[in-house]
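The structure displayed is predicted, hence computed values, not measured ones. Within every chain, numbering begins at 1; the chains are lettered A, B, ... in the order of the sequence lines, protein sequences first and strands thereafter. Values below: every heavy atom of this structure, side chains too, minus hydrogens, waters and symmetry copies.
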Amino acid sequence: MAEPALRRPLPDQPVPRHHRRDDRGVGRAVPRLPQQAGVAVSNEKDRVMKAITPKGTDYSQWYLDVVLKADLADYGPVKGCMVIKPYGYAIWENMQADMDRRIKETGHVNAYFPLLIPRSFLEKEKAHVEGFSPECAWVTIGGGEELPEPLAIRPTSEAMICSMYAKWVNSWRDLPVLINQWANVLRWEKVTRPFLRTTEFLWQEGHTLHETEAEAEEETLKMLGVYKSFSEEMLAMPVLHGRKTDSEKFAGALRTYSIEALMGDGKALQAGTSHNLGQHFATAYGIEFLGRNQEREKPWSTSWGTSTRMIGGLIMTHGDDSGLILPPKVAPYQVVIVPIPPRKGDVNEAVLPKCREVMAALRGAGIRVHLDDRDQQMPGFKYADWEMRGVPLRLELGPKDLEKDQCVLVRRDSREKAFVPLAGLAQKVGELLATIQSGLLENARKFVADNTTRVSSYDEFKQAMAEKRGFIVAGWNGDPAIEAQIKAETRATIRVIPMEERPAACIVTGKPGREVYFAQAY
RNA sequence: CGGGGCGUAGCGCAGCCUGGUAGCGCACCUGCCUUGGGCGCAGGUGGUCGCGAGUUCAAAUCUCGCCGCCCCGACCA
């Protein structure tokens, strides 16, 4: 069988894939195939129809192709509002289940707060309302009548939740309040991209109250740590973590921390944020409690969130020119079984029953398995199809394998192929999945390391930004004006200030400062 | 919000310049055949050409207006 073909990415012609009814590739720097009326390139027409734009040709087109071709999402009728399709939603459910477990293990409970927020509520915290007003959507009519007060569709829930907390908290004994909610939020975005920045998105938002500033800070950092380990352990997506500069801080926060991942095109993606809100919201929303010393006090609050944006990060961290590559821990199907039907007249009709048997055995071992028993598709089609969807392991089982009591396992990440005895298969599969999971993280870490540049002059900085982007470690003196200047001149912004302080001279001014991580942001 | 591109079948496109009532590939349906890397053959289904005006005997095609979508940039999660 065509062993060499196994190692070759399928779309071996740079063919821009388009979607919907637009972008003919005109005006874009991408090659087009010569196109006669109706005659797609003859011997490769299928390949042409199904291909994904190679990353190197057009990274953002590659991303959109993968989202659509892997069947993760589709565009809805309203700009920026996507449908998360079952396959994409299954990934989210896997992420959600694990994140939920981590949130609960750190002592939080779930609740649900209303979607609609009265304008007067939102307006109580000045910086907050200013930060969100440009992207807020308002409901002004209800039941056919104009409302006495417009209602905001939540862009985030601090206003609603803090208002409720004001009712609920009376004593230091009521603290801490540790509540999380899973919800949708809406932010009116000018530029949208599936998963990365959508008008409506799904997330979890934790909102907590604490007796002291130290406790609030501890909570803020604890959740940042939860996000970091989730990202690395589940998504195999390595992240930097650290504090945001004032210009990147959440509207109304005292301090914002974030985790930042590096995408395949050298841009950074903020994948989760955690805020120490100080007493700003307690003050604005009138949350007070009677303290241990019998005096009225204001609690310290935090909030932290991760969203469906992480799915975008997942795609761009691992995907290749054949499509998605999913870490086993979040893959809806960890193994897909492709049966190779017996030839006509072949007495061996045991292939499908055997596949079902194998599926049952793997499921019994807790492995998520799908049997692709569609009889109208060729095996080769199925290989390409599931590769596009990123299934970590493909299991082929045909008449020849039955004779030898074996099957064929092919890894999505390395395309390595192995003949494996059916006896003890579940254990072998489990091991392979674990290997793939850790291998993906390792590769991603290597990518980050290879694309992190430490510079000591602004010239080096500019050169690094022009040549490879990625993370750039450089000295900064803490001046927002310098930060703005660097952004204007290079597009790089400070992604995080690392937790550990390392002194370094500012690359622009030469003044004493500290090392920070720069990158162009998504 | 600025720049660019594009709206014709589910998807990708041709037709438009030079008006005459819509075509190709894939997908889909039926049958046969095939199945270890995107099978093959034959026959089918499917479109008020983004919307609205105008010009004309006649508009996918020409004119004007509107709407939408994608990409790049600015801005913001």
Donor + acceptor pair across side chains of A/Ser60, A/Trp62 (<3.5 Å): no
Carboxylate-amine/guanidinium proximity below 4.0 Å for A/Arg394 and A/Glu387: yes
Candidates B/U35, B/G38, B/G36 - which lies nearest the side chain of A/Phe381: B/G38
Listed nucleotide nearest any side-chain atom of A/Tyr383, set B/C70, B/A77, B/G36: B/G36
Check: A/Arg394 side chain, B/G37 base, donor-acceptor under 3.5 Å: yes
Shortest non-hydrogen contact between A/Ser157 and A/Gln181, atoms and distance: OG-NE2, 3.1 Å
B/C6 to B/C13 separation - C1' atoms, rounded to the nearest Å: 12 Å
Sugar-phosphate only, base, or nothing, as touched by A/Asp375 at under 4.0 Å among non-hydrogen atoms: nothing
Below 4.0 Å: OP1/OP2 of B/C72 and any side-chain N or O of A/Ser60: yes
Identify all pairs in which a protein N or O lies below 3.5 Å from an N or O of nucleotides 74-76 of chain B, and state each distance.
residue, atom, partner, partner atom, Å
B/C76, OP2, A/Lys487, NZ, 3.4
B/C76, O2', A/Glu135, OE1, 3.0
B/C76, O2, A/Glu189, OE1, 3.3
B/C76, O2, A/Arg197, NE, 3.2
B/C76, N3, A/Arg197, NH2, 2.9

Upstream residue (5' side of RNA chain B) when A/Ala251 and A/Lys79 are each assigned their closest nucleotide: A/Lys79
Which residue lies more 5' along RNA chain B, comparing A/Arg187 with A/Val408 via nearest heavy atoms: A/Val408
Salt bridge (charged side-chain N to carboxylate O under 4.0 Å, His left out) between A/Glu130 and A/Lys126, worked out: CA-CA 6 Å; A/Glu130 280 172 9; A/Lys126 191 162 167 284; 3.5 Å; yes
